[in-house]
S.K.: 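If you scroll down you'll find the structure; I have some questions about it.
Both counts, for ligands and for their atoms, begin at 1 and track the order of listing.
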Amino acid sequence: MINVIGLGYIGLPTALMMSAHGVEVVGTDYKKELVDKLNSGETTFKEDGIDDLFQKAIESGINFTTEYQVTDTYIISVPTPYDKFSKKVDPCYVVSAVNEVLKIAPVNACLVIESTVSPGTIEKNIRPLLSNNDRKDIKLVHAPERIIPGNMVYELFNNNRTIGADDKKVGEKIKSLYASFCKGEIVVTDIKTAEMTKVVENTFRAVNIAFANELAKICRHDNMDVYEIIRICNMHPRVNILQPGPGVGGHCISVDPWFLVGDYPSLAKVIDEAMKTNDAMPDFVLNRIYEIMKENQMNDVSRVGLYGLTYKENVDDMRESPTLQLLESQERHLAKGLKVYDPLVKKDVVENQYHDFDVFLSEIDFVVIMVKHSEIMEKIDKLSDKIVLDCHNIINLQDVYHI
Ligand code: SAJ
């Protein structure tokens with residue numbers, strides 16, 4: 001039996017996938033409300049294919065509880081936030097989950113950490129817990145996840161994976177567990193290498209996005225079309241530049257690279273600048289809004305609306321979202337009034353938030369596309385009489401502004 005600890009964006013799909021492929025799984029989360037919701041037959045977030053997977057897992061007998069289980073394999077997938085001041089990983093949730101497991105795990109049990117951690121974290125923060133608890137028999141493994149929100153189920157099934165272990169045999173055993181559902185290649189390596197690869201993958205993407213954002217600023221300065229330039233450059237066989245945008249959100253690309261900056265401040269220079277560039281994008285957009293308002297003799301900010309609150313398209317996750325960052329920045333400038341709408345955010349989370357697209361549009365003259373949800377792509381004709389700042393280059397109308 002596998003006990004998956006932490007039933008969030010990573011733990012839940014992993015637990016469901018294993019169960020749907022015949023592995024006996026119990027999912028544990030300390031949030032009773034979340035466990036109750038799962039036990040009542042409801043998933044806790046939206047994702048393509050997750051409801052079907054949930055049904056299959058239920059039929060295969062998955063259980064959800066707040067209790068840790070006595071079993072020989074644990075998968076820990078709890079969040080790893082970063083300390084905003086030191087930029088270092090904060091392993092507190094992993095540490096407390098491991099401490100709980102150590103209280104009940106049988107001799108030689110295997111503890112797989114899926115949560116993203118910076119290189120050396122397991123050595124520094126987790127291994128000492130084993131000696132402190134006189135549990136050196138426990139086998140540690142790191143199996144970082146790689147799935148992208150918006151396509152999680154597909155990627156869980158198809159992506160290659162990395163397993164880091166002290167002992168090859170243990171690594172191979174965990175590899176065969178993941179191979180029960182994963183069609184991708186599974187590489188077995190040591191723990192620190194696995195930790196580093198995970199952070200490096202997300203850092204690579206963050207730096208590439210920062211490069212695109214910097215190009216957008218250069219092109220804005222000298223009136224060049226950044227999208228056309230990137231499109232042409234990417235026709236070169238060895239160039240692959242990502243897209244500029246209103247900022248970088250989510251709990252991975254906007255967070256993990258800071259772990260390297262925090263741990264290697266005098267070495268991680270490019271990464272540091274890249275992260276600052278991405279973090280400055282919501283402010284850049286706010287400034288664009290101001291410029292465009294002036295150009296159009298608009299002075300009432302309440303006639304400006306932000307389309308999209310989530311951190312990217314077609315997910316309902318708002319963690320570190322550029323729109324939230326922009327609204328915070330607006331407040332810091334002692335101003336307020338921007339209207340906001342997102343089809344996927346049903347609860348009221350910010351001031352002046354709308355839940356009906358037509359009502360939202362009827363109360364604004366200027367719309368800023370912060371997120372390219374499918375909805376806006378399908379309803380672009382409704383924007384024909386608006387001033388539009390398209391932060392994703394999705395609209396093919398005349399006189400649209402870009403970042
Ligand atoms: N973004 C851009 N321009 C782009 C692509 C993305 O501005 O060209 C922005 C998005 O709008 C979003 C942010 O970047 O705000 C991050 O979105 P994303 O789709 O790039 O990535 P995440 O954070 O949803 O998922 C990433 C993935 N990592 C990589 O592709 C290397 C995923 O595979 C990881 O599993 C995930 O982080 C994670 O959990 O670590």
Side-chain angles (χ1 to χ4, degrees), residues 6 8-14 45 47-48 77-82 89 114-118 142-162 182 184 194-217 226-227 230-231 233-234 240-260 274-275 277-282 284-285 307-326 342 369-373 390-394 402-403:
Y9 287 98
I10 301 303
L12 181 64
T14 306
F45 56 90
E47 189 64 44
D48 258 6
S77 44
V78 295
T80 39
Y82 79 103
V89 68
E114 276 220 19
S115 312
T116 303
V117 287
S118 55
H142 183 40
E145 56 80 19
R146 272 181 169 166
I147 54 180
I148 195 146
N151 200 21
M152 282 182 161
V153 175
Y154 174 88
E155 291 209 349
L156 200 49
F157 194 56
N158 288 291
N159 284 3
N160 304 326
R161 303 192 64 113
T162 317
C182 172
E195 290 174 318
M196 185 62 170
T197 55
K198 167 67 197 191
V199 176
V200 168
E201 288 159 12
N202 281 348
T203 302
F204 171 79
R205 196 159 168 84
V207 172
N208 192 335
I209 296 169
F211 179 59
N213 285 333
E214 187 161 290
L215 291 180
K217 288 183 181 171
V226 68
Y227 300 102
I230 291 179
R231 188 181 72 78
C233 291
N234 283 350
N240 185 13
I241 308 167
L242 288 166
Q243 294 297 307
V248 171
H251 212 60
C252 313
I253 307 276
S254 68
V255 173
D256 301 354
W258 283 124
F259 299 165
L260 293 177
M275 295 302 279
T277 302
N278 289 339
D279 282 358
M281 288 314 287
F284 183 76
V285 176
Y307 179 91
L309 252 173
T310 60
Y311 88 89
K312 67 174 184 181
E313 68 277 12
N314 305 328
V315 298
D316 58 7
D317 188 341
M318 287 179 292
R319 288 178 298 175
E320 319 288 331
S321 117
T323 304
L324 293 177
Q325 293 176 45
L326 190 150
D342 191 306
I369 300 180
M370 295 292 289
V371 184
K372 51 177 178 179
H373 287 310
D390 175 4
C391 299
H392 293 281
N393 194 34
I394 53 165
H402 294 103
I403 50 174

S.K.: Would you mind checking which non-hydrogen protein atom is closest to atom 31 (C) of ligand 1, with the distance to 0.1 Å?
M.R.: Asn202 OD1, 3.3 Å

S.K.: Go through Ile403 and Phe284 one step at a time and tell me if the side-chain contact (heavy atoms from CB on, under 4.5 Å) criterion holds.
M.R.: CA-CA 8 Å; Ile403 50 174; Phe284 183 76; 4.2 Å; yes

S.K.: Taking 4.0 angstrom as the limit, do Glu145 and Lys198 come out as a salt bridge?
M.R.: yes

S.K.: Check ligand 1 against Pro149 and write out every atom of the ligand that is under 4.0 Å from a heavy-atom position of the residue.
M.R.: 24 (O), 25 (O)

S.K.: Closest heavy-atom contact between Asn314 and His373?
M.R.: N-ND1, 2.8 Å

S.K.: Just which atoms of ligand 1 are under 4.0 Å from any heavy atom in Lys198?
M.R.: 34 (C), 35 (O), 38 (C), 39 (O), 40 (O)

S.K.: As an exercise, identify every atom of ligand 1 less than 4.0 angstrom from a heavy atom of Glu201.
M.R.: 31 (C)

S.K.: Assess the residue pair Tyr9 and His251 against the criterion (ring pair (Phe, Tyr, Trp, His ring centres under 6.0 Å)); give the C-alpha distance rounded to whole Å, side-chain angles, the decisive distance to 0.1 Å, and a yes or no.
M.R.: CA-CA 10 Å; Tyr9 287 98; His251 212 60; 9.2 Å; no

S.K.: Using distance alone, determine whether Lys312 and ligand 1 share an N or O pair under 3.5 Å.
M.R.: yes

S.K.: Counting each atom of ligand 1 from 1 as listed, which ones have a heavy atom of Cys252 under 4.0 Å away?
M.R.: 23 (O), 36 (C), 37 (O), 38 (C), 39 (O), 40 (O)

S.K.: Minimum distance, heavy atoms only, to atom 13 (C) of ligand 1: which one of Gly249, Gly250, Ala210, Ala206 is it?
M.R.: Gly249

S.K.: Report yes or no: does Met281 have a heavy atom closer than 4.0 Å to ligand 1?
M.R.: no

S.K.: Which one holds for His251 and ligand 1: side chain close, backbone close, both close, or neither close, with close meaning a heavy atom under 4.0 Å?
M.R.: neither

S.K.: Heavy-atom contacts under 4.0 Å between Ile147 and ligand 1: side chain, backbone, both, or neither?
M.R.: backbone

S.K.: Under the side chain to side chain contact (heavy atoms under 4.5 Å, CB included) rule, collect the residues that match up with Ser118, sequence neighbours excluded.
M.R.: Val89, Thr121, Phe259, Asp263

S.K.: From the options Ile148, Leu242, Asn151, select the one whose nearest heavy atom is closest to atom 25 (O) of ligand 1.
M.R.: Ile148

S.K.: Below 3.5 angstrom, do we get any N/O pair linking Glu155 and ligand 1?
M.R.: no

S.K.: Not counting sequence neighbours, which residues clear salt bridge (Lys or Arg N to Asp or Glu O under 4.0 Å) with Glu214? List them please.
M.R.: none

S.K.: Examine Glu313 against ligand 1 and note whether any of their N/O atoms are separated by less than 3.5 Å.
M.R.: no

S.K.: Does an N or O from Ile209, backbone or side chain, lie closer than 3.5 Å to an N or O of ligand 1?
M.R.: no

S.K.: Any N/O of Gln243 closer than 3.5 Å to an N/O of ligand 1?
M.R.: yes

S.K.: Is the contact between Arg205 and ligand 1 made by the side chain, the backbone, both, or neither, using heavy atoms and a 4.0 Å cut-off?
M.R.: side chain

S.K.: Consider every N or O of Glu145 and every N or O of ligand 1, then say whether any pair is closer than 3.5 Å.
M.R.: yes

